[in-house]
Amino acid sequence: MEWYHKSEGLRHLFQLIYHLCYGRRSTAEYIRFLNIAQGSLNELETHIILSQRVGLCSQADIESIILLLREESRMIIALIKKLQQ
């Protein structure tokens with residue numbers, strides 16, 4: 001079960017990187033990829049919280065990760081808003 005959570009986390013991380021790097025054909029398409037990346041980020045946060053709830057890691061382990069994910073989320077949202085102007 002622990003391997004599953006690690007592999008799912010990595011899958012969401014790689015999806016996030018992919019959508020941020022390869023969605024640059026047009027502004028509208030880039031915004032769409034940013035929205036998908038935002039969804040991947042939210043899924044990753046959910047998996048991290050679930051892994052703590054089932055005892056795979058402690059609250060202390062995930063606090064800094066969650067803060068970084070939320071900071072990244074704010075940056076993606078700010079970029080989306082800037083591109084929509």
Side-chain angles (χ1 to χ4, degrees):
M1 185 62 120
E2 185 175 340
W3 177 84
Y4 172 77
H5 284 289
K6 286 180 182 178
S7 66
E8 280 297 297
L10 286 174
R11 184 177 68 84
H12 291 298
L13 180 62
F14 288 128
Q15 283 178 342
L16 175 66
I17 293 167
Y18 172 81
H19 290 300
L20 289 175
C21 293
Y22 295 107
R24 295 179 182 242
R25 291 187 183 100
S26 69
T27 301
E29 189 175 17
Y30 188 45
I31 290 171
R32 187 175 78 76
F33 277 104
L34 288 171
N35 283 313
I36 294 169
Q38 180 68 31
S40 295
L41 194 66
N42 292 336
E43 285 184 55
L44 180 58
E45 182 177 345
T46 300
H47 280 274
I48 290 170
I49 292 169
L50 289 174
S51 67
Q52 184 266 329
R53 287 186 183 171
V54 298
L56 296 175
C57 57
S58 69
Q59 180 68 27
D61 292 335
I62 68 167
E63 284 178 356
S64 61
I65 296 169
I66 296 295
L67 288 174
L68 290 171
L69 290 175
R70 290 184 180 163
E71 181 181 344
E72 186 69 29
S73 178
R74 285 190 296 273
M75 289 190 289
I76 290 172
I77 291 168
L79 180 56
I80 290 168
K81 287 180 180 178
K82 182 69 175 173
L83 291 171
Q84 288 174 335
Q85 292 178 350

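What you see below is based on every heavy atom in this structure, not just the backbone, and it leaves out hydrogens, waters and symmetry mates.
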Task: Side chain proximity check, Leu34 to Gln38, heavy atoms < 4.5 angstrom - done: no

Open item on the list: Quick check: do Leu56 and Asp61 have side-chain heavy atoms less than 4.5 Å from each other?
Closed with: no

TODO: Would you sort out whether Leu79 and Met75 count as a side-chain contact (heavy atoms from CB on, under 4.5 Å), showing the intermediate values?
DONE: CA-CA 6 Å; Leu79 180 56; Met75 289 190 289; over 6 Å; no

Task: Spatial distance of atom SG (Cys57) from atom CD1 (Ile65) [nearest 0.5 Å] - done: 7.0 Å

- [ ] Could you tell me whether the side chain of Gln85 reaches within less than 4.5 Å of the side chain of Lys81, counting heavy atoms only?
- [x] no

Task: 4.5 Å side-chain heavy-atom contact, Leu68 and Glu71 - done: yes

Task: CD on Glu43 to CG on Leu50, rounded to 0.5 Å - done: 11.5 Å

TODO: Report yes or no: do Ile77 and Leu83 belong to one cluster of Ile/Leu/Val/Met/Phe/Trp/Tyr joined by side chain heavy-atom distances under 4.5 Å?
DONE: no

Open item on the list: Distance check, rounded to the nearest 0.5 Å: Gln52 atom CD versus Glu63 atom CD?
Closed with: 9.0 Å

- [ ] Examine distances only and state if a side-chain atom of Thr46 and a backbone atom of Asn42 form a donor-acceptor pair shorter than 3.5 Å.
- [x] yes

Open item on the list: Working to the nearest 0.5 angstrom, can you tell me the gap between Ile80 CD1 and Phe33 CZ?
Closed with: 13.0 Å

Task: Gap separating the CD1 atom of Ile48 from the CG atom of Leu69, nearest 0.5 angstrom - done: 5.0 Å

TODO: Find the distance between CD1 (Ile49) and CG (Leu44) and round it off to the nearest 0.5 Å.
DONE: 10.0 Å

